[in-house]
Amino acid sequence: MDYQNWGPRDMAAPVRTQLPEVPVERGMVLEEVQSGWVGAVTRVEKSGGMHVVALEDRRGKSRSFRLGYGFLLEGQAIRLMPPAPRPAGGGGPAAGRTASGSVRVSGQRAQVAKASRIWVEGKHDAELVEKVWGDDLRVEGIVVEPLHGIDDLAAAVADFRPGPGRRLGVLVDHLVPDSKESRIADAVMASPGAAGNVLIVGHPYVDVWQAIRPAVLGIDQWPAVPRGQDWKTGILKAFGWPHATKEDIGLGWQKLLGAVRTYADLEPSLLGRVEEVIDFLTVP
């Protein structure tokens, strides 16, 4: 018998359990218990003597919370701690999650491709969508195809013959008011069979490269490229990377793509549009 603890006790008091202490990491998907907010860690900062973590959900909305108790990681209660020192390079998605933040489906084979499609402007767009949403799309049986430009989008849509069960989602670069891209999109949506079966969305960037958050690349903002200069060439030149050939452009893009680990590495203006397209193609 432990005589040191002899005396009255509150037998109804709950037994304290020691929660695992987990250092916060960018890209980690957490649930804040009190609010029910679920999101990926996009940044950690010290404010007023306390550490605050920003959690961004799949729609690109962000909320900040104080580190400590009250978080779930993969359904387990944890005490969220300040970030631990770590080597450069970053990490991938949290265990049990896809790069898009979805719960990973285990033991399920990819579905046979459905008739519906996602069209993107080019190869780089397709590779970025595949890297972040590829696991989700294989479960849904949705294929991503590059268009190599949208100048002939109206003819391509007509050849596709969209209809019920054969939907088409199109992701367009630089889709802003009064642009060439917006006029092409308006013409397509006015064509027979497009209403309800075709969805054209876009992001405001000159190229999908800009949808990668600058902080992921270790810069404050994307370099400004002088008017009249090829944009991708100008970007690589500003980075001090080789930029003279198509091979240089391709290798430069692979370095940029390699920095992307999860949806938290992308701008909300792209995240929301891709999610919108996936919902359009998968919700009856």
Side-chain angles (χ1 to χ4, degrees), residues 100 110-134 136-212 225 227-235 245-247 249-250 253-254 256-257 266-267 269-284:
S100 71
Q111 288 195 34
V112 175
K114 297 177 181 176
S116 298
R117 292 286 187 272
I118 296 178
W119 285 356
V120 295
E121 285 213 37
K123 178 182 177 183
H124 296 174
D125 307 70
E127 290 175 342
L128 184 60
V129 171
E130 168 61 29
K131 182 161 189 179
V132 176
W133 288 274
D136 303 345
L137 295 173
R138 278 185 285 278
V139 169
E140 298 292 346
I142 302 296
V143 175
V144 180
E145 297 177 341
L147 284 169
H148 307 294
I150 65 164
D151 287 348
D152 296 324
L153 182 59
V157 171
D159 289 342
F160 183 80
R161 298 190 302 277
R166 189 177 175 82
R167 289 182 171 180
L168 186 62
V170 187
L171 180 66
V172 177
D173 295 342
H174 198 238
L175 189 61
V176 295
D178 299 323
S179 64
K180 177 189 76 172
E181 290 81 4
S182 67
R183 290 190 290 272
I184 291 174
D186 291 344
V188 170
M189 292 308 300
S191 63
N197 300 311
V198 177
L199 175 66
I200 301 176
V201 300
H203 56 74
Y205 307 113
V206 174
D207 191 277
V208 77
W209 289 18
Q210 281 184 299
I212 301 174
V225 177
R227 194 175 184 88
Q229 183 178 6
D230 176 74
W231 190 84
K232 291 178 180 176
T233 300
I235 290 296
T245 66
K246 289 184 178 180
E247 288 74 16
I249 301 294
W253 164 242
Q254 290 306 315
L256 297 175
L257 184 63
L266 303 180
E267 296 285 2
S269 50
L270 177 70
L271 292 173
R273 304 294 75 74
V274 176
E275 295 285 350
E276 187 178 353
V277 166
I278 293 174
D279 288 346
F280 176 74
L281 297 180
T282 57
V283 176

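The first residue in the sequence is number 1, and the count goes up from there.
- The two residues Ala194 and Val188 come nearest to each other via the heavy atoms CB-O, 3.4 Å.
- Two residues are said to be in side-chain contact when any heavy atoms from C-beta on lie closer than 4.5 Å; Val198 and Ile200 meet this criterion.
- Test His124, Gln210, Glu121 against Asp173 for side-chain contact (heavy atoms from CB on, under 4.5 Å) and you get one pass: Glu121.
- Looking at heavy atoms from C-beta onward, Asp178 lies out of side-chain contact with Val176 at the 4.5 angstrom threshold.
- Taking the side chain as every heavy atom from C-beta outward, Leu257 and Glu127 approach each other to under 4.5 Å.
- Rounding to the nearest 0.5 Å gives a distance of 5.0 Å between OG1 of Thr282 and CD of Glu140.
- For Leu171 against Arg273, the heavy-atom pair with the smallest separation is CD1-CB, 4.1 Å.
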**Request:** Test Ile278 against Ile142 for side chain to side chain contact (heavy atoms under 4.5 Å, CB included), laying out the working first.
**Result:** CA-CA 8 Å; Ile278 293 174; Ile142 302 296; over 6 Å; no
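- Scanning for side chain to side chain donor-acceptor pair (under 3.5 Å) contacts around Gln229 gives an empty result, with sequence neighbours left out.
- A cation-pi arrangement is present between Arg166 and Phe160, with the terminal nitrogen or guanidinium carbon under 6.0 Å from the aromatic centre and inside a 45° cone about the axis.
- Annotation: the span from Leu147 atom CG to Arg117 atom CZ amounts to 12.5 Å, rounded to 0.5 Å.
- Counting only heavy atoms from C-beta outward, the side chains of Leu199 and Leu168 never approach each other to under 4.5 Å.
- Salt-bridge formation is detected for the pair Glu130/Arg138: a Lys NZ or Arg NE/NH1/NH2 atom is positioned less than 4.0 Å from an Asp or Glu carboxylate oxygen.
- Rounding to the nearest 0.5 Å gives a distance of 10.5 Å between NE2 of His203 and CG of Leu266.
- The shortest distance between side-chain heavy atoms of Leu128 and Trp209 does not fall below 4.5 Å.
- Shown here for His174 and Ser179, the closest heavy-atom pair between the two residues is O-OG, 3.6 Å.
- Across all their heavy atoms, Pro177 and Ser182 have their closest contact at C-OG, 4.1 Å.
- Among pairs with a residue in residues 147-165, those fulfilling side chain to side chain donor-acceptor pair (under 3.5 Å) read Asp151-Lys180, at least two apart in sequence or across chains.
- Here the CG-CD1 distance, from Asp125 to Ile118, works out to 12.0 Å after rounding to the nearest 0.5 Å.
- Between Gly169 and Val277, the shortest heavy-atom distance links the atoms CA-CG1, 3.9 Å.
- The side-chain heavy atoms of Val274 and Leu270, taken from C-beta on, include a pair separated by under 4.5 Å.
- Taking all atoms of both residues into account, the shortest heavy-atom contact from Pro146 to Lys123 is CB-N, 3.9 Å.
- Glu181 contributes atom CD, which lies 11.5 Å from atom CG of Asp186 (distance to the nearest 0.5 angstrom).
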Notebook entry, point to check: Would Ser269 and Tyr205 satisfy side chain to side chain contact (heavy atoms under 4.5 Å, CB included), going step by step from the backbone distance to the final call?
Noted result: CA-CA 9 Å; Ser269 50; Tyr205 307 113; 2.7 Å; yes
Check the pair Val157, Trp119 against side chain to side chain contact (heavy atoms under 4.5 Å, CB included), reporting the backbone distance first and the verdict last. CA-CA 10 Å; Val157 171; Trp119 285 356; 4.0 Å; yes
